[in-house]
Amino acid sequence: MSRNAGASEAPQPPTDESSERTPMSGPNTNYDPVEVAALDPAQIDAAVEQALAAAAAAGSLEELKAVRTAHQGEKSALALANREIAALPPSAKAEAGKRVGQARGRVAQAFAARQGELEVERDERILVEERVDVTVPALRRRPGARHPIELTAQRLVDAFVGMGWEVAEGPELESEWLNFDALNLGPDHPARQMQDTFFLDPVDSGLVLRTQTSPVQIRTMLDQEPPIYVVAPGKVFRTDDLDATHTPVFHQIECLAIDKGLTMAHLRGALDAFVRIMFGEETRTRVRANYFPFTEPSMETDFLCFACHGAETWGTAEQCRTCGGSGWIELGGSGMVNRKVLRTCGIDPDIYSGFAFGLGIERALMLRHGVQGMHDMVEGDLRFSQQFGMGA
Ligand code: FA5
């Protein structure tokens, strides 16, 4: 059959699959738009009614958006009817176009009106829900505060670093040998008793919670060649009960100097520098004989009472409450490093000498700030840190 065969016959409706599912008009001069289902006025009215009902029922802008596609989108009944118009004979187009156009206009208007209403509702809701009461007091975040113990240790360390000393550190879990033996505390020394020291299970593990910062001296001397000038702050542990002047966990700060020609005069100078940083320019130190196995000679260091400035008020009506009237306050232990300890660390005591001193930071702070009991020091109450003006 030629391509033009049947060209003179009356035009037929399209026969593709979609046209079978949905009645479509063909270029038929006898075509009546009423017979095309999509253009049936009753169907169009029904589509409009459904669209108006759906728009009215939408309770939110999201719901409206969802139903709008079904009634105004490309696959909606009215969009389909609109497409049908193109295929109508010219005589039928105007009437069908008017009917469909009016229907689409009503739907569009209804959706726009509902959208307007829902936007007003949303804005009113936001104004209520997100209302900011500017009269409500602001949430005040209290700044944290570094603990006075930490700040004091830092201040002392900074001052010694400023004089050229280095910071040394050691572990809190320490070997018994470094905590005791190397410091010349023999097996029978009282400090090694179970009632003073936290030993680790099993007891023959050779490990303890360090009872002093002095093992950092040994670690440093084993690790470095003289000259050595180090300051070592840290936490230490003893089996003391918590009372007004004792706590089982406290802080010490240790200073060690090893060099050629160091004497007790240098030790006194370092101690004076130390107490001036801690208690002010006017103070000074005095030393008394004492015993520590790792220093020889050993001394207890006192410093001039910062409250009464050394006035001997003992037994008088004005007896100083800070020093008890003696005019002096005990600071901590000190001494020239024992030759035996130097030798243990491989340092020749005929070439080098050295001094060391150590003190408890809590006790020094209690004195400095008139804190009545150790409990305040250790309980971690933020108000305690803040009352020294050391907050944030
Ligand atoms: C020592 O611990 C020596 N290592 C100090 C030393 C270093 C001497 C270098 C010589 C050379 P002592 O046991 O005295 O010494 O303790 C030092 C300080 O720790 C005391 O003066 C005291 O201020 C503080 N201290 C001791 N026990 C406690 C405790 N349970 N609670 C709070 N502070 C304490």
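Both counts, for ligands and for their atoms, begin at 1 and track the order of listing. Being a predicted model, the structure only gives us computed values, none of them experimental. Index from 1, following the sequence.
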Under 3.5 Å donor-acceptor, [X] side chain and [Y] backbone:
X	Y	answer
N338	P293	yes
T239	F198	no
R363	T245	yes
D259	L262	no
Q319	G315	yes

(message) Against ligand 1, does E362 come closer than 4.0 Å with any heavy atom?
(response)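 No.
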
(request) Report yes or no: do V216 and M221 belong to one cluster of Ile/Leu/Val/Met/Phe/Trp/Tyr joined by side chain heavy-atom distances under 4.5 Å? (result) no

(request) May I ask you to check whether F160 and F274 place their ring centers less than 6.0 Å from one another? (result) yes

(message) With no hydrogens and no angle check, just 3.5 Å: does a side-chain donor-acceptor pair link Q252 and Q212?
(response)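 There is no such pair between these side chains.
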
Heavy-atom contacts with [X] under 4.0 Å: which atoms of ligand 1 show up? List them by number with element.
X	result
D240	29 (C), 30 (N)
Q217	9 (C)
G333	6 (C), 8 (C), 10 (C)
F292	8 (C), 10 (C), 15 (O)
M374	32 (C)
S214	4 (N), 7 (C)

Heavy-atom distances under 4.0 Å decide this one: backbone, side chain, both or neither, for [X] against ligand 1?
X	result
S334	backbone
T247	both
E330	neither
F294	side chain

Could you identify the single nearest non-hydrogen protein atom to [atom] and state the distance to 0.1 Å?
atom	result
atom 5 (C) of ligand 1	G358 O, 4.0 Å
atom 22 (C) of ligand 1	R363 NH1, 3.2 Å
atom 18 (C) of ligand 1	G360 N, 3.5 Å

Check whether any N or O atom of [X], backbone or side chain, sits under 3.5 Å from an N or O atom of ligand 1, and answer yes or no.
X	result
E300	no
Q212	yes
Q252	yes
R238	yes

(request) Look at the rings of F357 and F355 and say which category their plane angle falls in: under 30° parallel, 30 to 60° tilted, over 60° perpendicular. (result)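 It falls in the parallel class, under 30°.
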
(request) Taking all heavy atoms of T213 and all of P233, pick out the closest pair and write down the distance. (result)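 Distance-wise, the nearest heavy atoms are CG2-C, 4.4 Å.
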
